[in-house]
A.B. asks: 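Quick one: this structure, given as structure tokens, is what I'll be asking you about.
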Amino acid sequence: MCARNFDSDFDGITLDYSRQRATPGTMDKLYNLAEAAHLKEKIDRMFNGEHINSSENRSVLHVALRAPRDAVMQSDGKNVVPDVWNVLDKIKDFSERVRNGSWVGATGKALTDVISVGIGGSFLGPLFVHTALQTDPEASKCATGRQLRFLANVDPIDVARNIAGLKPETTLVVVVSKTFTTAETMLNARTLRAWISKELGPSAVAKHMVAVSTNLTLVEKFGIDPNNAFAFWDWVGGRYSVCSAVGVLPLSLQYGFTVVDKFLKGASSIDQHFYSAPFEKNLPVLLGLLSVWNVSFFGYPARAILPYSQALEKFAPHIQQVSMESNGKGVSIDGKPLPFETGEIDFGEPGTNGQHSFYQLIHQGRVIPCDFIGVVKSQQPVYLEGEVVNNHDELMSNFFAQPDALAYGKTPEELQKENVQQHLIPHKTFSGNRPSLSLLLSSLDAYKIGQLLAIYEHRVAVQGFIWGINSFDQWGVELGKSLATQVRKQLHASRVKGEPVEGFNFSTTTMLTKYLKVPFQYEQGNNDTCSYTSRFSHDTYGG
């Protein structure tokens with residue numbers, strides 16, 4: 001294992017895929033597969049704004065969200081780039097006014113704390129970028145004195161954690177929902193509206209809440225000034241929306257638009273590379289083809305995303321959604337059952353934490369292809385006098401060692417030469433020949449974070465294009481939501497009217513009945529969160 005010339009460089013990023021279970025002949029066959037699957041034509045169709053999301057009859061143009069101001073990208077015969085920049089300019093103006101104190105809350109105090117309310121793609125992508133920027137020197141300096149939190153889960157515990165230590169008079173809430181009807185998001189939004197109204201009065205909502213939405217009617221009905229609604233479009237899928245107002249607004253409020261603009265430029269650089277580079281040097285294409293090779297030819301069901309940077313701790317959870325929601329399909333784009341498996345189970349943890357968690361399985365259990373992501377220059381370098389290496393070098397020692405351990409393993413013969421006791425040799429043997437690839441970034445600033453995001457977004461698209469599926473719809477999430485609506489009605493009927501549980505299967509009926517045996521506690525404990533939630537239950541649940 002370890003082929004020569006299996007690497008590619010672009011704009012401060014190096015990809016080494018020499019430890020994949022592939023030969024030059026394999027790569028030639030994968031390039032032929034790409035040609036047979038019309039990969040280049042499908043990429044062109046995406047950039048040209050054709051309705052490649054056929055089940056929803058939509059363009060797929062998240063690349064337009066970070067396109068240069070003078071670019072032309074069409075959807076339904078209209079250049080959408082001017083609309084994108086109108087929103088970006090509006091975000092820049094609003095975020096600067098909040099940050100410099102010219103936009104203040106109802107009591108005249110500056111709004112230094114932001115809670116972004118959204119779920120799925122409205123949460124995971126922005127959270128990843130926020131977490132990655134927190135320790136970047138430039139970004140952290142720009143965020144001095146400010147807080148950004150993300151409220152996603154409808155679990156009231158998430159609300160309690162988000163408002164802990166905050167005061168309504170210094171808090172701005174960003175409600176992210178395209179239709180302004182997303183059940184979990186709107187319940188959380190009503191909960192925070194109650195929190196603000198209790199302290200500052202209902203009229204304060206317009207000063208302390210803004211929206212990312214296209215439904216201006218419901219935005220206004222909620223109590224938010226429609227002028228403070230920031231648009232995005234149906235050609236932006238939720239999991240691809242971090243470069244829209246969904247991510248750009250809260251991130252600009254925290255770090256300033258200048259920092260976020262660098263992030264957008266980084267993503268745009270990869271967009272252009274993906275569109276124009278030959279497949280042999282095209283980072284997203286190479287990654288996508290290798291993933292197809294591992295999933296569809298070797299049958300490996302999972303992929304580990306292993307960033308050797310704590311700043312990227314939320315990267316794997318975001319890519320988990322981007323990948324699994326996009327490519328977890330059982331039918332082709334034409335609706336025909338597939339004769340092969342698509343998608344992979346994505347998981348990950350920053351090194352070296354993951355080494356002390358699940359690497360045991362990766363080294364001696366199931367074969368899990370791994371993505372190792374390293375950074376040349378640490379965001380927060382530390383060197384202690386007298387230490388053999390600095391802290392970042394210690395981290396990166398593991399980044400370089402782990403792929404070799406997976407590739408080469410350790411044989412019984414090697415162990416015997418080391419005088420390992422015979423009965424321990426089977427336990428200490430490593431089979432090797434376990435595939436991985438390495439991405440080495442020159443730094444981890446806003447620009448590089450944008451590049452990393454776009455590489456993985458386009459990698460997922462390449463996989464879907466090769467498999468012949470629609471990577472841009474997500475019908476699999478609908479059934480559970482529909483059934484939850486029935487359960488919600490039953491809970492209301494049982495709680496309020498005392499009606500018995502009816503219309504469900506035996507198992508669900510039994511579990512619901514047990515759940516309902518304990519009456520809902522409207523007053524629990526003495527802390528502010530519990531009492532405010534219970535007192536405002538009518539406002540929270542009633543709209």
Side-chain angles (χ1 to χ4, degrees), residues 42-43 46 52-53 55-56 58-66 118-132 150 152 176 178 232 235-244 246-248 251 263-264 266-268 270-271 273-274 283-292 294-295 301-307 312-329 342-350 369-371 373 437 439 448-467 469-477:
K42 290 175 179 177
I43 294 171
M46 183 176 83
I52 63 171
N53 179 356
S55 70
E56 296 178 302
R58 293 173 179 173
S59 302
V60 176
L61 275 176
H62 45 278
V63 292
L65 299 171
R66 53 258 189 154
I119 198 165
S122 300
F123 155 64
L124 291 166
L127 178 62
F128 144 60
V129 179
H130 170 52
T131 307
F150 292 89
V176 183
K178 185 182 292 185
F232 62 118
W235 41 260
V236 182
R239 56 192 173 276
Y240 298 98
S241 67
V242 64
C243 293
S244 73
V246 168
V248 173
L251 292 169
F263 161 74
L264 296 175
S268 181
I270 295 296
D271 295 341
H273 168 74
F274 177 51
L283 300 186
V285 169
L286 289 168
L287 291 172
L289 290 175
L290 289 167
S291 286
V292 170
N294 285 324
V295 172
R303 172 179 63 193
I305 299 172
L306 310 171
L312 296 176
E313 64 178 305
K314 297 299 182 182
F315 183 60
H318 175 51
I319 299 307
Q320 186 178 67
Q321 186 202 8
V322 171
S323 172
M324 295 173 71
E325 195 169 77
S326 294
N327 289 339
K329 307 293 168 62
T342 68
E344 58 229 317
I345 302 163
D346 287 278
F347 70 99
E349 182 74 18
C370 297
D371 292 1
I373 303 170
L437 58 85
L439 279 169
K448 280 289 178 286
I449 293 164
Q451 287 185 309
L452 184 62
L453 171 73
I455 287 171
Y456 273 77
E457 286 180 343
H458 295 320
R459 173 194 198 161
V460 167
V462 168
Q463 292 174 254
F465 289 151
I466 298 293
W467 282 321
I469 61 177
N470 186 352
S471 298
F472 307 104
D473 62 9
Q474 56 284 326
W475 298 106
V477 306

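Position 1 is the first residue of the sequence; numbering continues from there.
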A.B. asks: Would you call D473 and K329 a salt bridge, taking side-chain N to carboxylate O under 4.0 Å as the test?
C.D. replies: yes
A.B. asks: Does K178 have more than 12 heavy atoms from other residues, nucleotides or ligands lying within 6.0 Å of its NZ?
C.D. replies: yes
A.B. asks: Check the orientation of Y240 and F472. Use parallel for under 30°, tilted for 30 to 60°, and perpendicular for over 60°.
C.D. replies: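 Y240 vs F472 ring planes: tilted.
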A.B. asks: Can you find a heavy atom in the side chain of Q320 that is under 4.5 Å from one in the side chain of V322?
C.D. replies: no
A.B. asks: What I'd like to find out is whether the side chain of L283 reaches to under 4.5 Å of the side chain of F274, using heavy atoms alone.
C.D. replies: no
A.B. asks: Do the side chains of P284 and H273 get nearer than 4.5 Å, heavy atoms only?
C.D. replies: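 The answer is yes; the side chains approach within 4.5 Å.
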A.B. asks: Is it the case that the side chain of S244 and the backbone of V246 share a donor-acceptor pair, with hydrogens and angles ignored and the cut-off at 3.5 Å?
C.D. replies: yes
A.B. asks: Any side-chain heavy atom of F128 sitting closer than 4.5 Å to one from L312?
C.D. replies: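 Result yes, sub-4.5 Å side-chain heavy-atom pair found.
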A.B. asks: Please report the interatomic distance CZ(R303) to CD1(I319), rounded to the nearest 0.5 Å.
C.D. replies: 8.0 Å
A.B. asks: Indicate yes or no: at least one non-hydrogen side-chain atom of M46 is less than 4.5 angstrom from one of H458.
C.D. replies: yes
A.B. asks: Please name all residues satisfying side-chain hydrogen bond (donor to acceptor under 3.5 Å, both in side chains) with N327, sequence neighbours left out, ordered by chain then number.
C.D. replies: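 S471.
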A.B. asks: So, E457 and R66, do they make that salt bridge, N to O below 4.0 Å?
C.D. replies: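 A salt bridge links E457 with R66.
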A.B. asks: Please tell me if the side chains of D371 and L306 come closer than 4.5 Å, counting only heavy atoms from C-beta onward.
C.D. replies: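 They are not in side-chain contact.
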A.B. asks: Find the distance between CG (N294) and CG (L289) and round it off to the nearest 0.5 Å.
C.D. replies: 11.0 Å
A.B. asks: To the nearest 0.5 angstrom, please state how far the CG atom of L127 sits from the CG atom of L251.
C.D. replies: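 Rounded to the nearest 0.5 Å, the CG-CG separation comes to 9.5 Å.
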